[in-house]
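See structure below.
Values below: all heavy atoms of this structure, side chains included; hydrogens, waters and symmetry mates excluded. Just so you know, residue 1 is the first one in the sequence shown, and it goes up from there.
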Amino acid sequence: METVEAAMGEEEEAKKSKMRKKGGFRTMPFIFANEVAEKLAVLGFTTNMLMYLTRQLHMPLAKAATTLTNFGGVSAMTPLIGAFLADSLVGRFWTIAAASLIYQVVRIHIHARTHAPRTPPRRAELTGAFVFAWQGMLLLTVSAAMPVFRPPPCSGAGGAGACDEAAPWQLAVLYAALLLNALGAGGYRPCVVAFGADQFDESEAAERARTWGFFNWYYFCNGASQLVAVTAVVYVQDNVGWGWGLGVPTFCMAVSVVAFVAGYPLYRRLHPSGSPFTRLAQVVVAAVRKRRVPTDADDAAALYENDDMDAPISLYGKLVHTEQLSFFDRAAIVTDGDLTTDTSNGKPSLSPIPKPWRLSTVHRVEELKSLLRMGPIWAAGILVITAYSQQHTFALQQASTMDRRLAPGLSSFQIPAGSMTVFTLLAMLTTLLAYDRVLVPLARRVTGLDRGISYLHRMGVGFAISVAATLVAGFVERHRRESAAAAGTTDAGTSPLSAYWLVPQYALHGMAEAFNSVGHLEFMYDQSPESMRSMATALFWLSISLGSYVSTMLISAVHRWSAGADGSNWLPDNINRGRLDYFYWIVALLQVLNLAYYAICARCYLFKPLQLREVDDDAKPQIELQEKASPLSH
C-alpha cells in the first residue's frame, strides 16, 4: 500500500515538474512571431484604408472617417466573446490556434471547391471566428482586385471631375468584409497577451518579475510589425496596386498561424475554470437576497471560505477580504439553507456544499470587487483612444494635402500619407527601449518596484503626453491652413507646407502610447482576478472600442453643430476651408478634464489584496500576504 502511495506521489511530482519546465522566455519567439505576422496582416488592411475609401470608393471624408472608427469600435468589442470562450470553455491556446488551423483547411477547400471536415462541436465557435477573419480578408482582397466591386473612375482629366460614390451593393460587400474581420479579431485579441503572460509562473518570484518585461517586449514587437505595415505594405498599395497591397497581408495571416502552432510542445496551457459571468452573477444575486442581513465589519473571519472550491480559480493565490464595497460581503454570510449535503452519488458528502446562488466565498466576492474597483481607471483610457484615432483619419487627410517629398530639392519621392504614422511607431519603439533599459533601472533604485514605476504612474504620464500631442496638432493645422491661404491653394485642397510639420504630433502620440497602452495592459492583467485575465484584456480592447465610438459621436456632433447657413462646417472634405484646429482643441480640453478625473481615481485606488502561494526549493507551499496601498503613495 505504501508503495502504491509513493508511486502516486512521484507521478504527481513528475507532473508538477513537467509543468514548471514549460513556458518561460523560450516560448516568446513563437508568440512574438505570431503577433508580428498577425499585426502585419491586420494593419496592412487598416493603415491606408481611409485613402482606399475616399479615392477608390469615392466616400466623403466624414463618412469614410466614421466608417473606419465604427469598424475599429466593433473590432474592439468582439473580443468580449472570445474572452468568454477562453476563460470559461476552451482555454486561451485553442481560442488563438485551433480554429485558425481549421480556417487554413477551409481556405484550401474553398479553392478546391470541396467540403471541409467536420469540426469538433466544442470548438465550432472558434472555427467560425477565424473563418470570419480569413473570409473577411479574402473578400476585401477580391473586392480591391476586381473593378466590378468599385465605382467607375472620376471623370475629367486626371480624375478631377465628378465622382460617383460606390453603389449600395458595393458598400455592402465592403461592410461585410470589415464585419467578418472584426468578428475574427474577437478570437485573437483578448487571448494573445494573457497567453504570453501565462508562460511565466507567478508562484515563483523571479518568474513573476519577468512578466512586466514581457509587456514591454510584446508591445515592441507589435510596434515593429506596424512599422513594416505603414511603410512597405502601404507603398505597395499606393504604387503597385490594392490587389497586391491587400494580398500580402492575407498571406501574412497564414504565416502567423504556422508560427504560433510550432511552439505547441513548449507552452504552459492553463485550463479554463468555468464562466466568470456566472460567478459574478451569483455573488450579486446572493448579496441582493441577503440585503437585509446585518453585517459585522469587525468579524471578517465569519465570512464563508472554501479553498477546495476556489482552487481552480486561484492557482497562484486567493483574494482576501477588503472593507470596500461591503454590500457584497453579504453574499459570503452563511444563513439557514445556504449549505446542503451532496447526495448525487447516493452518499452524503463529508462536508456541506454551498448553494452557489445563495452563498459565495470571500474569494468570489473579492473577484467582483476587484473588477468594480478597476472600472474608473479603465474608463479614463477611453478619451486617449479618441485623440489617438485622429491619426488614422484627419491627420492622414492633413498629410495627403501637404508636401510629402522625402528630401525637398533633392528627391521627388513622396512619402505615402498612410506611412506618416511611421513617426508614431519610431517614437513608440524608441520610448519603449529607453523605458526598459534606462528608466526602469533608475526608477527601481528609488521605488523598489520590479517594474520601476507603478503602472498607474505610467498611465498618468501617457495621459499628459497625449494632451500635449493634441494641442500641437491644433497649432500645426492652423499653420498648414494659413500656408495654403498664403500660397493661393485653398480651393485646390493642398498646402505647400512640408509634411514634416506633422512629425511632432505623431511622435508625441507614439510616446503617449508607450506609456499609456502598456501601463493599461499591465494594470488590467495584474489587477484582474487570475481566472478572468482574457476578459480583462478584452476590457482593454473595449476601451478602444468606446474611444472609437466617442470619436465618431464627437465628429458627428461637431459636423452638425458647426454647420453654417451656406453649408460650410469645421470638417468639410476640403479641410483648407474648415477649422480642424478647433476640433483638435475641443478634444484637448476633454483630455485635460479626463486627466484630472484620472488623477483623483488613481489617488483613491486600492490594489487587490492577494495571498500568494509561493513554492521554495523543497516544493513546500508558503503564504505571502500582498496588500498594496495606493500606487501614488510610492
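Taking each heavy atom of A262 and P265 in turn, the nearest pair found is O-CD, 3.7 Å.
Every residue meeting the side-chain contact (heavy atoms from CB on, under 4.5 Å) condition with N516, not counting sequence neighbours, appears here in chain and number order: V384, M459, F463. Judged as a side-chain contact (heavy atoms from CB on, under 4.5 Å), and not counting sequence neighbours, the contacts of A536 are M524, S528. Shown here are the side-chain contact (heavy atoms from CB on, under 4.5 Å) partners of E530, two or more places apart in sequence or in another chain: L315, Y316, R533.
At least one donor-acceptor pair under 3.5 Å links the side chain of S389 to the backbone N or O of I385. Judged by distance alone, with hydrogens and angles left aside, the side-chain atoms of Q527 form no donor-acceptor pair with the main-chain N or O of M374 at under 3.5 Å. Panel note: side chain Y304, backbone A331; no donor-acceptor pair is recorded below 3.5 Å. Remark: side-chain polar atoms of W378 are paired, donor with acceptor, to backbone N or O of L539 under 3.5 angstrom. A distance-only check finds no donor-acceptor pair linking the side chain of S466 to the backbone of G462 [under 3.5 Å]. With hydrogens and angles ignored, the 3.5 Å screen pairs no side-chain donor or acceptor of R358 with any backbone N or O of A286. One N or O on the side chain of R458 and one on the backbone of A514 form a donor-acceptor pair closer than 3.5 Å.
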| Chi angles and distances behind the side-chain hydrogen bond (donor to acceptor under 3.5 Å, both in side chains) call for N306, T361 | CA-CA 6 Å; N306 188 325; T361 63; over 6 Å; no
| task | Please lay out, stage by stage, how D526 and Y455 fare under the test side-chain hydrogen bond (donor to acceptor under 3.5 Å, both in side chains). | result | CA-CA 10 Å; D526 184 61; Y455 30 67; 2.4 Å; yes
| query | Would Y267 and Q199 satisfy side-chain hydrogen bond (donor to acceptor under 3.5 Å, both in side chains), going step by step from the backbone distance to the final call? | reply | CA-CA 7 Å; Y267 295 138; Q199 303 311 306; over 6 Å; no
| message | Before you tell me yes or no, could you show the steps for E366 and T322 under side-chain hydrogen bond (donor to acceptor under 3.5 Å, both in side chains), namely the whole-Å CA-CA distance, both residues' side-chain angles and the distance that decides it to 0.1 Å? | response | CA-CA 8 Å; E366 292 300 325; T322 60; 2.9 Å; yes
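In this structure, F607 and Y605 have perpendicular ring planes: the angle between them is above 60°, well past the 30° mark. Aromatic ring pairs are classed by plane angle as parallel below 30°, tilted from 30° to 60° and perpendicular above 60°; the pair F25 and F200 is perpendicular. Using a 30° and 60° split on the angle between ring planes, F32 and Y218 fall in the tilted class, from 30° to 60°.
For K290 and D338, the salt-bridge test passes: some basic side-chain N is under 4.0 Å from an acidic carboxylate O. Classification of D329 and K369 as a salt-bridged pair holds, one side-chain N sitting under 4.0 Å from a carboxylate O. Between E367 and R279, at least one side-chain N (NZ, or NE/NH1/NH2) sits under 4.0 Å from a carboxylate O, which counts as a salt bridge. Salt bridge present: E305 and K318 bring a charged side-chain N and a carboxylate O closer than 4.0 Å.
Between the CG atom in L89 and the OG atom in S275 there is a gap of 8.0 Å [rounded to 0.5 Å].
No donor-acceptor contact under 3.5 angstrom links the side chains of T424 and E513, judged on distance only. Using a 3.5 Å distance cut-off with no hydrogens or angles, the side chains of S454 and H457 do pair a donor with an acceptor.
Note: F220 and W217 meet the aromatic proximity criterion, with ring centroids under 6.0 Å apart.
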